[in-house]
Novice: 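Below: one structure in structure tokens.
Side-chain atoms are counted along with the backbone in the values below, which use heavy atoms only and exclude waters and symmetry mates. To find a chain, count down the sequence lines: A is the first, B the second, and so on, and within it residues start at 1.
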2 protein chains.
Amino acid sequence: MISKACKYAIRATIFVASKKEEGIKLNIKDIAREVDAPEAFTAKILQVLNKTRIITSLKGPYGGFYIEDYQLQQPVINIVNALDGMSVFQECGLGLRQCSATHPCPMHDQYKIARDALQDAFQNTTIGQLAEQVNEGGSYINNLGY
Amino acid sequence: MISKACKYAIRATIFVASKKEEGIKLNIKDIAREVDAPEAFTAKILQVLNKTRIITSLKGPYGGFYIEDYQLQQPVINIVNALDGMSVFQECGLGLRQCSATHPCPMHDQYKIARDALQDAFQNTTIGQLAEQVNEGGSYINNLGY
DNA sequence: TCTATAAAAGATAAATTTATCTTTTATAGA
DNA sequence: TCTATAAAAGATAAATTTATCTTTTATAGA
Ligand code: FES
Ligand code: FES
């Protein structure tokens, strides 16, 4: 569906967002531990998130990752786009070179419904909303408690 | 979403199904050419499809691949299951070890809607229905005509 | 039985994704 | 300025998926 890197990215972003109120910066190690992702891979992913302005980073002592107000308002689809691109929301479900209503594959109608539902899910949810949910304790971004 | 192998598999199965009325057996080369997939890779995929009884094969002269009546009634999800397994319909959208309503990720509700829509699409469509659509000329299983 | 044909099986190889490790750059505070 | 710290950048490596090539097996018809 979406890549592993992208899933780590979303969880990491939610974690950083969920700590905004505390006004602290988070380092790679803490983020990787919290979201249960490999540390070095997480570092690479955080680079992308910073470069695409999903979150913000500062080097050096007292540095780390944090999120700014405008970034909380971004839809989660921006993270998907940063890591995987938008192709999952546009591709033909049966692998034709392009999805098109005028040259459709035989599953086009049914597949498009699901694909659009997926896009809506990521488009209509903001990073801030997800962080709030986590802070309220109703949902989780790691596998602890199993 | 689903693997490339699985997309080739679905297109190949639809092609074989669409030729059922002609009562002929199709060989690997013809199938690969029609669905615009690499020939050797298609051969591997057809092996799986035969082994999982999605289609039927016969070795030797006058051999090849064909589909039987009961196989036309199978839902497309059986092909997905044969190639990729069912995990795409069960996995957490944010990569938690397991999707669960009692230990949900913050996107669980929205994601589940899309994931279930995808499952419905593959579950409620049979191979025969797709083949019929192609035979009626309303949809396509290759990239010709671009 | 022999021959030709076509899929099955098995061994590799190429490409992509996931993951790790080392070196460089930026920056705060002493 | 110097030192320590933390991310960025770059070079590899491991794992998985996609793809190819060779050998074996099954089978129809001569
Ligand atoms: S053409 Fe296949 S999903 Fe649109
Ligand atoms: S827990 Fe993440 S989708 Fe269900």
Side-chain angles (χ1 to χ4, degrees), chain A residues 1-13 15-16 19 24-33 35-67 80 82-85 87-88 91 94-95 97, chain B residues 1-13 15-16 19 24-33 35-67 80 82-85 87-88 91 94-95 97:
Chain A
M1 203 78 108
I2 62 177
S3 70
K4 236 170 148 177
C6 186
K7 291 172 180 175
Y8 291 147
I10 296 173
R11 303 217 306 273
T13 301
F15 178 52
V16 172
K19 293 296 184 188
I24 54 172
K25 298 191 193 72
L26 298 159
N27 61 36
I28 292 169
K29 182 180 290 221
D30 291 341
I31 295 170
R33 190 194 305 113
V35 304
D36 208 353
E39 189 176 319
F41 195 34
T42 302
K44 280 292 171 203
I45 291 165
L46 290 169
Q47 274 179 40
V48 174
L49 292 176
N50 174 58
K51 206 171 310 187
T52 55
R53 306 248 201 287
I54 305 295
I55 58 180
T56 304
S57 76
L58 197 68
K59 284 183 178 182
Y62 297 82
F65 295 88
Y66 60 101
I67 197 162
V80 179
L83 273 291
D84 290 355
S87 55
V88 68
E91 276 170 350
L94 299 193
R97 246 200 285 289
Chain B
M1 202 78 106
I2 62 177
S3 70
K4 235 170 148 176
C6 186
K7 291 170 180 176
Y8 291 147
I10 297 172
R11 303 217 305 273
T13 301
F15 178 53
V16 173
K19 294 294 184 191
I24 53 173
K25 298 192 194 70
L26 298 159
N27 61 35
I28 292 168
K29 183 179 289 219
D30 290 340
I31 296 171
R33 189 194 306 112
V35 303
D36 207 355
E39 189 177 319
F41 195 33
T42 302
K44 280 294 172 200
I45 291 164
L46 290 169
Q47 273 180 42
V48 175
L49 292 176
N50 174 58
K51 206 170 312 188
T52 55
R53 305 250 201 287
I54 305 296
I55 58 180
T56 304
S57 76
L58 197 67
K59 285 183 179 182
Y62 297 82
F65 296 88
Y66 61 100
I67 196 161
V80 178
L83 273 290
D84 290 355
S87 56
V88 67
E91 277 170 350
L94 299 192
R97 245 199 288 287

Novice: What I'd like to find out is whether the side chain of B:Y66 reaches to under 4.5 Å of the side chain of B:I55, using heavy atoms alone.
Specialist: no
Novice: Are the side chains of A:K4 and A:Y8 in contact, using a 4.5 Å heavy-atom criterion?
Specialist: yes
Novice: Considering only side-chain heavy atoms of B:N27, which listed nucleotide, C:dA8, D:dA7, C:dA7, is closest?
Specialist: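 Per side-chain heavy atoms of B:N27, the pick is C:dA7.
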Novice: Could you tell me which nucleotide pairs with D:dA30 by Watson-Crick or G-U wobble geometry, both distances under 3.5 Å, or answer none if nothing does?
Specialist: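 Here D:dA30 is engaged in a pair, and the nucleotide opposite it is C:dT1.
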Novice: Just to be sure I understand the rule, does B:L49 reach a base, reach only the sugar-phosphate, or reach nothing, if contact means heavy atoms closer than 4.0 Å?
Specialist: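 It contacts nothing in the nucleic acid.
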Novice: For C:dT25, which nucleotide in any strand shown is its Watson-Crick or wobble partner with both distances under 3.5 Å?
Specialist: D:dA6
Novice: Find which nucleotide of DNA chain D each of A:K51 and B:A40 is nearest to by heavy atoms, and output the residue with the more 5' nucleotide.
Specialist: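 Per heavy-atom nearest nucleotide, the more 5' residue is A:K51.
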Novice: For B:I31, report the nucleic acid contact type (base, sugar-phosphate, nothing); a contact means any heavy atom under 4.0 Å.
Specialist: nothing
Novice: Considering Watson-Crick and G-U wobble pairs with both distances under 3.5 Å, what does C:dT20 pair with?
Specialist: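 C:dT20 is paired, partner D:dA11.
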Novice: Could you point out which residue of A:T13, A:L83, A:I67 forms a side chain to side chain contact (heavy atoms under 4.5 Å, CB included) with A:I54?
Specialist: A:T13
Novice: Do A:Q47 and D:dA7 have a side chain to base donor-acceptor pair shorter than 3.5 Å?
Specialist: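 No pair found.
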Novice: Would you indicate what B:F41 reaches in the nucleic acid, counting non-hydrogen atoms under 4.0 angstrom: base, sugar-phosphate, or nothing?
Specialist: base
Novice: Do B:K59 and D:dT25 have a side chain to base donor-acceptor pair shorter than 3.5 Å?
Specialist: yes
Novice: I want to confirm an ordering. Mapping A:T42 and B:Y62 to their closest nucleotides on DNA chain C, which one lands closer to the 5' end?
Specialist: B:Y62
Novice: With side chains defined as the heavy atoms from C-beta onward, is the minimum distance between B:D84 and B:V88 less than 4.5 Å?
Specialist: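 No, every pair of side-chain atoms sits at 4.5 Å or beyond.
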